[in-house]
Amino acid sequence: MRISGQNLPSTHHPITRLHQEINRTFERFFENPLFTHPMPQIPAIHFKEETDRFVIEAELPGIDPNVVEIEAHGRSLIIKGEHKQTTQSQGENMHQAERRYSSFHRSITLPETANLDHVTAEYEHGLLTVTVPKHDIPTPRRIEIKQRKTDT
């Protein structure tokens with residue numbers, strides 16, 4: 001028996017009912033708000049360690065750098081911001097305006113050697129580059145153990 005959109009058996013046939021139920025399941029699945037509303041954009045982060053610093057690159061194409069904030073909390077570096085977009089289209093008898101808003105928030109935990117007091121950031125062509133220098137690593141030193149004299 002061949003099953004296709006036009007050659008299905010009667011509506012009471014078990015295969016036809018299965019086919020209809022699968023169609024209804026897919027319809028309900030794609031009616032989910034997850035698919036009907038724009039997803040928040042989460043920027044891709046590249047984190048690398050160099051000999052004297054850590055470099056974090058965040059891809060933020062189309063986002064105004066004036067709405068991006070960078071904060072340091074403890075050993076975490078937080079990059080957050082928002083993206084607002086308005087589009088308008090007009091036709092002979094039509095006018096349409098759409099507004100989209102999304103925000104993002106990324107938190108990166110840095111190693112203990114990160115010096116968050118001297119962080120710098122640059123934005124160019126949609127790429128945010130955050131540079132975190134490393135603390136000078138203290139060299140270990142030997143500590144002398146003094147021996148107490150006891151009275152016997």
Side-chain angles (χ1 to χ4, degrees), residues 2-6 8 15-148:
R2 182 171 178 231
I3 298 176
S4 69
Q6 296 178 353
L8 285 175
I15 301 253
T16 303
R17 286 189 298 218
L18 176 64
H19 185 263
Q20 291 170 341
E21 184 58 35
I22 289 172
N23 284 342
R24 282 192 297 273
T25 301
F26 272 101
E27 287 170 7
R28 284 192 305 266
F29 180 75
F30 287 107
E31 288 172 359
N32 186 321
L34 188 67
F35 294 102
T36 57
H37 298 301
M39 294 287 290
Q41 294 181 345
I42 300 174
I45 298 285
H46 305 280
F47 177 52
K48 60 185 173 184
E49 180 177 0
E50 296 179 355
T51 55
D52 60 340
R53 63 187 176 169
F54 299 98
V55 179
I56 299 141
E57 296 175 335
E59 296 177 11
L60 305 172
I63 296 179
D64 180 3
N66 295 319
V67 299
V68 177
E69 295 179 17
I70 303 170
E71 298 175 354
H73 295 276
R75 287 187 20 228
S76 294
L77 194 70
I78 298 166
I79 302 171
K80 60 184 177 178
E82 52 190 38
H83 181 63
K84 296 178 184 177
Q85 181 181 8
T86 301
T87 58
Q88 294 184 356
S89 59
Q90 296 182 16
E92 189 174 309
N93 294 321
M94 177 190 73
H95 179 78
Q96 177 180 347
E98 294 183 10
R99 292 181 181 90
R100 292 182 184 191
Y101 171 84
S102 63
S103 62
F104 62 89
H105 179 275
R106 293 296 306 260
S107 178
I108 300 105
T109 302
L110 297 166
E112 290 180 19
T113 56
N115 183 352
L116 291 172
D117 294 330
H118 294 43
V119 177
T120 61
E122 296 178 357
Y123 184 89
E124 185 179 13
H125 302 296
L127 184 67
L128 175 68
T129 303
V130 182
T131 304
V132 182
K134 290 183 179 180
H135 283 292
D136 291 333
I137 301 171
T139 56
R141 60 186 177 98
R142 187 172 183 94
I143 299 172
E144 180 184 341
I145 302 172
K146 295 181 181 180
Q147 196 170 21
R148 286 189 183 183

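For clarity, every value in this text was computed on a predicted model and none was experimentally measured. Hydrogens, waters and symmetry mates are skipped; everything else that's a heavy atom, side chains included, is used.
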Show me the donor-acceptor pairs within less than 3.5 Å that the side chains of residues 111-131 make with the rest of the protein, sequence neighbours left out.
residue : atom : partner : partner atom : Å
Asn115  : OD1  : Asp117  : N            : 3.1
Tyr123  : OH   : Leu60   : O            : 3.0
Tyr123  : OH   : Ile63   : O            : 2.8

Quiz prompt | Heavy-atom donor-acceptor pair, Lys134 side chain to Glu49 backbone, under 3.5 Å | solution = no

| query | Cation over ring, Lys80 on Phe104, under 6.0 Å and within 45°? | reply | no

Sorted by chain and number, sequence neighbours left out, side chain to side chain contact (heavy atoms under 4.5 Å, CB included) with Glu82 holds for Val67, Lys84, Tyr101, Ser103

### Message
Any heavy-atom pair between the side chains of Arg17 and His19 that's under 4.5 Å?
### Response
no

- Within-4.5 Å side-chain heavy-atom neighbours: Ile108 and Ile79: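 The answer is yes, as the side chains (C-beta and beyond) meet within the 4.5 Å cut-off.
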
- Query: Got more than 12 heavy atoms from elsewhere within 6.0 Å of CG, Asn23?
  - Reply: yes

Item to complete: I would like to know whether His73 and Glu71 meet side-chain hydrogen bond (donor to acceptor under 3.5 Å, both in side chains); could you show each step before the answer?
Response: CA-CA 7 Å; His73 295 276; Glu71 298 175 354; 2.9 Å; yes

Inset, instruction - Take Glu50 and Val55, measure what side chain to side chain contact (heavy atoms under 4.5 Å, CB included) needs, and give me the verdict at the end. - result: CA-CA 7 Å; Glu50 296 179 355; Val55 179; 3.9 Å; yes

For Glu59 and Pro43 the tightest heavy-atom approach is O-CB, 3.2 Å

